[in-house]
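Once you've had a glance at the structure underneath, I'll fire off some questions.
All chains are named by letter (A, B, ...) in the order of the sequence lines, taking the proteins before the strands, and each is independently numbered beginning at 1.
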There are 2 protein chains.
Amino acid sequence: MAPPPPRRRDVTVSDVAKHARVSKATAARALGDYGAVSDTVRDRVQAAAEALGYRPNELARSMNTGKSNTIGVIVGDIENPYFGLAMRGISDAAKEEGFDVILVNTSEDVDAEIDAVRVLLDKRVDGLIVAPASSGETGHLRDVYNSGRPLVLLDRRVDGLDVDVIEADMASVAFEATRHLVDVGHRRIGFISTLDVKGPYHDGLDLRVSSVADRLQGVLGAQQEAGIPDPGSLVRFADGSAGIRPVARELLALPDAPTAIIASDSLIALAVLGTLQELGLRVPDDVSFVMFDDFEWTTLTTPPLTVISQPIYDMGVAAGKTVIARVQSRAVPERRAFQATLVQRESVAPPRASAGGAIEALSAS
Amino acid sequence: MAPPPPRRRDVTVSDVAKHARVSKATAARALGDYGAVSDTVRDRVQAAAEALGYRPNELARSMNTGKSNTIGVIVGDIENPYFGLAMRGISDAAKEEGFDVILVNTSEDVDAEIDAVRVLLDKRVDGLIVAPASSGETGHLRDVYNSGRPLVLLDRRVDGLDVDVIEADMASVAFEATRHLVDVGHRRIGFISTLDVKGPYHDGLDLRVSSVADRLQGVLGAQQEAGIPDPGSLVRFADGSAGIRPVARELLALPDAPTAIIASDSLIALAVLGTLQELGLRVPDDVSFVMFDDFEWTTLTTPPLTVISQPIYDMGVAAGKTVIARVQSRAVPERRAFQATLVQRESVAPPRASAGGAIEALSAS
DNA sequence: TTACCTTGTGAGTCCGGTCTCAATCAGCTA
DNA sequence: TAGCTGATTGAGACCGGACTCACAAGGTAA
């Protein structure tokens with residue numbers, strides 16, 4: 001590796017001005033494209049800038065315009081394809097409007113999120129898109145709001161915070177998916193999500209992530225409507241993605257194991273399917289399976305999976321357009337409620353006649 | 001939506017200084033944690049800052065320190081899990097060192113990349129990580145180098161540019177994977193990648209993306225070594241992800257269709273597998289399949305897929321650590337050559353005895 | 001007591017732009 | 001020819017911090 005070139009002093013407006021033999025103010029006007037400048041002078045200044053290789057210092061510019069043309073995005077996990085795709089949407093929307101995006105990954109850690117908000121605010125981003133890790137801690141989100149900078153929540157609401165939220169209607173599609181399972185005969189339906197709550201699920205538990213709460217509400221609601229007793233008993237939360245497989249195993253080892261499982265996102269689905277595979281359980285013969293999010297690989301498994309599809313990219317675009325519209329005090333785009341749909345493929349079938357659990361079914365076959 | 005709160009003027013050091021009845025310089029010292037300040041004054045200033053809700057303006061700070069504590073990352077497509085995972089690594093490394101990350105997505109468009117480099121340089125990022133869309137246009141990368149700011153290339157080299165590169169050794173695993181196919185009897189091996197080149201592949205074609213060129217070199221090399229004539233005839237490049245399926249179809253419809261296909265990344269693999277599925281071709285019975293990148297879903301297909309695994313996350317971390325080390329003029333971390341490995345699962349089998357192409361095999365069954 | 005440090009503090013400059021304001025100048029009107 | 005108008009231009013303040021420098025106060029050594 002060659003020695004790095006000396007970091008030369010950058011060319012500034014003053015340098016350009018000197019070279020073009022005009023005042024700094026005039027050069028700045030010609031370069032910044034504001035105020036009035038005669039054509040001849042403008043040309044001379046631009047030629048000088050070209051010759052010197054002048055590049056504006058956006059930091060300095062931001063400092064006195066108060067606009068950084070940058071929005072901050074705070075998500076739990078960009079490795080999660082959900083956020084990868086949403087990020088793509090945000091990024092595309094931002095580019096179209098001439099904005100840049102600072103991305104911060106919090107690993108779903110509230111403290112990291114609080115920190116991220118502070119840092120981005122200090123960096124003077126013009127607006128923020130956050131998928132909040134918890135609806136419990138919201139002081140930092142209020143700070144954003146109070147700073148006067150627009151905040152848009154993605155995928156998750158926070159109660160009592162009156163800001164734009166981009167989310168899909170999860171409760172009704174979860175209801176629909178669950179009723180589909182009930183309709184084909186399932187009475188023991190498991191639901192697995194990742195969430196940092198301690199202890200088993202019980203009525204009235206504060207879920208802290210609205211998108212999960214909504215999904216669960218739909219799942220439970222459909223079962224209650226069907227007269228299934230205590231559907232909450234087959235709900236499980238894993239703390240972090242490493243915890244999913246153990247939780248899935250535990251659920252499937254139950255004497256009254258579920259005959260169908262709903263996975264709350266694609267990462268969970270992957271872990272659950274992996275566990276099923278390890279246990280030698282077949283989908284849908286032994287266990288029916290439904291998952292949230294529709295990525296291409298879900299059509300390539302055997303069988304293709306029944307999924308709940310959300311317009312993730314579009315939601316990302318909407319989030320981007322919305323913050324930027326707010327930043328520019330323009331009317332926000334109309335469309336902010338997104339529809340999720342149940343895509344029926346082949347991972348749902350009637351449960352085995354056997355009354356036993358999944359593992360039991362296995363030994364019976 | 002309630003009306004946004006008025007964007008109040010931010011609290012500055014001067015405000016804090018006034019409130020604590022000290023000079024601006026002293027307040028700045030107490031807050032910025034530099035220079036000498038007596039304990040009593042420091043406490044008074046910090047109390048005042050607390051009371052006023054002072055937050056430093058990082059823009060102003062960056063302006064005269066010349067450091068923004070921000071690195072720029074330019075990738076072709078964050079929707080691609082490869083970059084999602086790498087981004088996660090970069091992001092984690094950055095956070096550890098107190099850096100933020102500005103992410104720009106170029107859609108693999110060179111002009112967008114040139115623009116992105118300019119914008120990020122103007123924003124005064126301290127360093128840049130780029131997965132260059134082309135080794136052809138490199139002027140903008142030279143500009144980074146000349147600006148004196150460190151540049152790290154991820155996944156792809158650029159000839160004649162003496163900067164740090166984080167990449168895995170693709171040529172040798174590609175060779176190994178291909179020889180594996182040859183060993184089980186394949187003599188017609190297809191290779192599909194996305195790349196913006198016009199016309200069919202021919203010897204000496206400038207591939208412009210080193211990671212693809214390396215893979216191809218290994219693929220072709222193994223076949224040449226085995227005495228397979230004209231292996232280049234089954235190489236196909238699609239222009240953008242939309243073009244993969246047509247290309248795959250064309251390849252499979254050939255009278256001398258390949259009996260095995262190698263997909264150059266996971267997005268391509270998805271499209272190829274989808275096409276295979278549509279055509280009713282089974283893996284590995286009708287066509288053997290090997291792909292680059294090892295994501296969890298590749299174990300859930302039927303059959304599980306033979307893949308080439310790279311330590312993507314670690315490479316992201318290395319890229320992050322490397323730029324930051326350069327920014328701080330520290331020694332760069334030792335490890336910069338990464339090993340990719342062939343993970344044999346069940347998508348490779350001996351070709352059918354039939355001499356015909358894949359489609360022909362279909363009708364024969 | 002005087003000289004010499006050391007530590008703490010304030011005044012003011014600088015970073016690289018934007019922006020206000022006053023001055024200059026050419027063209028026109030009366 | 002004096003007066004007015006609009007277009008250009010330059011001087012300098014300002015954004016919010018970091019940092020240089022001069023100076024004052026207190027402590028120590030000779």
Leading and trailing nucleotides of DNA chain D with any atom under 4.0 Å from heavy atoms of chain B: dG16(D) to dT20(D)
Strand contacts (DNA chain C) in residues 50-65 of chain A, 4.0 angstrom heavy-atom criterion: Tyr54(A), Arg55(A), Pro56(A), Asn57(A), Ala60(A), Arg61(A), Asn64(A)
Neighbour count >12 (heavy atoms, 6.0 Å) for atom CZ, Arg21(B):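 No, because the 6.0 Å sphere around CZ of Arg21(B) holds 12 heavy atoms or fewer from other groups.
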Euclidean distance, Glu50(B) CD relative to Gln46(B) CD, rounded to 0.5 Å: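 Taking CD in Gln46(B) and CD in Glu50(B), the distance rounds to 9.0 Å.
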Distance-only donor-acceptor check, side chains Lys123(A) and Thr70(B), under 3.5 Å: yes
Separation of atom CG in Asp10(A) from atom C1' in dG17(C), rounded to whole Å: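 Whole-Å distance recorded here is 13 Å.
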Selection: residues 16-33 of chain A, any non-hydrogen atom under 4.0 Å of DNA chain C: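 By residue number: Lys24(A), Ala25(A), Ala28(A), Arg29(A).
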Tyr82(B)-Asp155(B) side chain donor-acceptor pair, cut-off 3.5 Å: yes
Nearest-0.5 Å distance that lies between atom CG in Leu85(B) and atom CD1 in Ile78(A):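 Leu85(B) CG to Ile78(A) CD1: 8.5 Å, rounded to 0.5 Å.
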Arg88(B)-Ser107(A) side chain donor-acceptor pair, cut-off 3.5 Å: yes
Pair Arg55(A) + Asp10(A), salt bridge at N-O below 4.0 Å: no
Note, Glu97(B) side chain near Gln328(B) side chain (heavy atom, < 4.5 Å): yes
Nearest-nucleotide 5' precedence on DNA chain C, Ala36(B) against Val13(A):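 By nearest-heavy-atom nucleotide position, the 5'-most residue is Ala36(B).
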Separation of dT18(C) P from Lys67(A) NZ (nearest whole Å):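 It works out to 16 Å between those atoms.
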Pair Asp92(A) + Lys95(A), salt bridge at N-O below 4.0 Å: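 The answer is no: the pair does not qualify as a salt bridge.
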NZ/NE/NH1/NH2 to OD/OE distance under 4.0 Å, Glu167(B) and Arg157(B):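 Salt bridge flag = yes for Arg157(B) with Glu167(B).
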Residue-phosphate contact under 4.0 Å: Ser14(A) side-chain N/O, dG17(C) OP1/OP2: no
